[in-house]
Number of protein chains: 2
Amino acid sequence: MNITMDEAIVRRSLHDELVERLQRLIIEGELTPGEKVPEKELCERYNVSRTPMREALKVLASEGLVTLTPNRGSSVTAVTVDDLEEVFPVMGALEALSGELACEKITDVEIAAISKSHHEMIGHYKAKRLPEYFAANEAIHTAILKAARNDTLAAQHRMLSARVRRARYLANMTRERWEKAVAEHEDILAALEARDGRKLGIILKHHLRNKLETVSEWLKANDRG
Amino acid sequence: MNITMDEAIVRRSLHDELVERLQRLIIEGELTPGEKVPEKELCERYNVSRTPMREALKVLASEGLVTLTPNRGSSVTAVTVDDLEEVFPVMGALEALSGELACEKITDVEIAAISKSHHEMIGHYKAKRLPEYFAANEAIHTAILKAARNDTLAAQHRMLSARVRRARYLANMTRERWEKAVAEHEDILAALEARDGRKLGIILKHHLRNKLETVSEWLKANDRG
DNA sequence: TGACATAATTTTGAATGCAAAATTAAATAT
DNA sequence: ATATTTAATTTTGCATTCAAAATTATGTCA
């Protein structure tokens, strides 16, 4: 066998592991939208048989990352502007809810941690370190979601965010947008510290809408879909 | 073979068909919460092999209807009060959004259809025909969701509603609650006809909260969770 | 008899095998 | 040469098989 085994899987159920790995491949763009999923190739790469691979693909399909066409396999779902305009309102509703719930339940310790991430993020912004900025940003949103203490909410959000994260990776922000996003984050932290759930919900929804605009402008410019 | 074949499947992909059938089994309570899913039995019943059955179970697991435990198979996820209290806020947010979007996009024809269902529902209420009432009720909510023109939203809602519908089946309403629900439906129709999205969103969220109370009271009374 | 160990059985997870469908390649006719 | 069959190949969906893990049954000894 002439296969590189260095990516072979060891722990827990294969299909579960595969779901995660394929998700990453799609989100990070190694598998590009519209492309047919090379089932056989992936099986060889991860050194698994088709059974767990196909199980994983079924799960990804139910999450909307992959599209199954009867008798002709699976392809990576394309991210179109239309698609994003569907997903974002739903995510917006979920984020708003997460903000409201978080304010009810968040602890001082958690707020402190978010505040820390926030200031780190500002530092990365000022130094124009985009990847680190993104990481801190994501940490904040994840922390808010976690503070909402609702696994169902978190799961739904995670599913949708997988569908758009890919797009977010590609679209880079203009100077003004970035500035605006940072300003919004100041409001987010303030609302959180004031435990003003309604306000936080509204801000998060707006914040997301701005992201949508960034991304969908980019998509329209670099049309492919 | 000593198996009744009358439930055997013919059309489209087996796993897809199975997802639907198992969902029904769970929602309608033939498979009860906590119970281990009798994989082999179900395979025989539907006359399929374990491969598509397991694919279907993986999908249901990602939707939260069943729980997979490594090396010891799948069991029907139990609906506890805690669980419901997680799911309902999320559904509430989605329903509110569906109300808002529906008001923006709904056609006069669709409103007329909903109005018709509404009046039928009132008829069933007055005649105390509970099952027919439920059916008309569901038709209305489905129509609103459809009018929102957002497949992502519909899909998310459908997933969550599967998790609670089962509970709704069991819990029957008191006279006052029923009356209240009908009154709320008058408001729903009115907001829809006025195309007042914000208002409809709020009403739908309240409406759902009342449902939660009905169901969770029942669950607490008949505790099994 | 009851606690523990050991063997038989069942269940589970995943690989392999096989037939039908789809795709590609080759061949024939126009 | 181009369109149209026809044949070969690949891919897909599902059944079957197999090994490992878990469960149950049986046996042993205090």
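Numbered from 1 within each chain, the chains take letters A, B, ... in sequence-line order.
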Would you mind reading off the distance between [X] atom [atom1] and [N] atom [atom2], rounded to a whole angstrom?
X	N	atom1	atom2	value
B:R50	C:dT11	CZ	P	10 Å
A:L42	C:dA14	CG	P	17 Å
B:L14	C:dA21	CG	P	13 Å
A:K40	C:dT16	NZ	P	14 Å
B:M53	C:dT12	CE	P	12 Å
B:D16	D:dC14	CG	C1'	15 Å

ask   = Pick one: which of B:I114, B:L145, B:L189, B:L192 meets side-chain contact (heavy atoms from CB on, under 4.5 Å) with B:I140?
value =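 Only one option passes, and that is B:I114.
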task = Write down the atom of A:H124, the atom of A:A136, and the distance for their closest heavy-atom approach.
result =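 Closest approach of A:H124 to A:A136, heavy atoms only: CD2-CB, 4.4 Å.
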task = Using only heavy-atom distances, determine whether the side chains of A:N137 and A:H141 contain a donor-acceptor pair under 3.5 Å.
result =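 The criterion, which ignores hydrogens and geometry beyond distance, is satisfied for A:H141 and A:N137.
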ask   = Does the side chain of A:T67 pick up a donor-acceptor pair with the side chain of A:T77 at under 3.5 Å?
value =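 Note: A:T67 and A:T77 side chains meet the donor-acceptor criterion.
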request  = Let me know, please, whether A:S49 or B:E39 comes out on the 5' side of the other along DNA chain C by nearest nucleotide.
outcome  =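 The residue mapped nearer the 5' terminus is B:E39.
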inquiry  = Please compare B:T51 and B:K36 by the position of their nearest nucleotide in DNA chain C and report the one closer to 5'.
reply    =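 The answer here is B:K36.
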inquiry  = Please determine whether side chain to side chain contact (heavy atoms under 4.5 Å, CB included) holds for the pair A:R163 and A:L65, giving the CA-CA distance in whole Å, both sets of side-chain angles, and the decisive distance to 0.1 Å.
reply    = CA-CA 6 Å; A:R163 282 170 64 185; A:L65 276 177; 4.0 Å; yes
inquiry  = Can you pull out the residues from residues 54-73 of chain A that lie within a 4.0 Å heavy-atom distance of DNA chain C?
reply    =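 Only A:N71, A:R72 qualify.
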query = With a cut-off of 6.0 Å (strictly less than), are more than 12 heavy atoms of other residues, nucleotides or ligands near CZ of B:R209?
reply =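 Result for CZ/B:R209: open.
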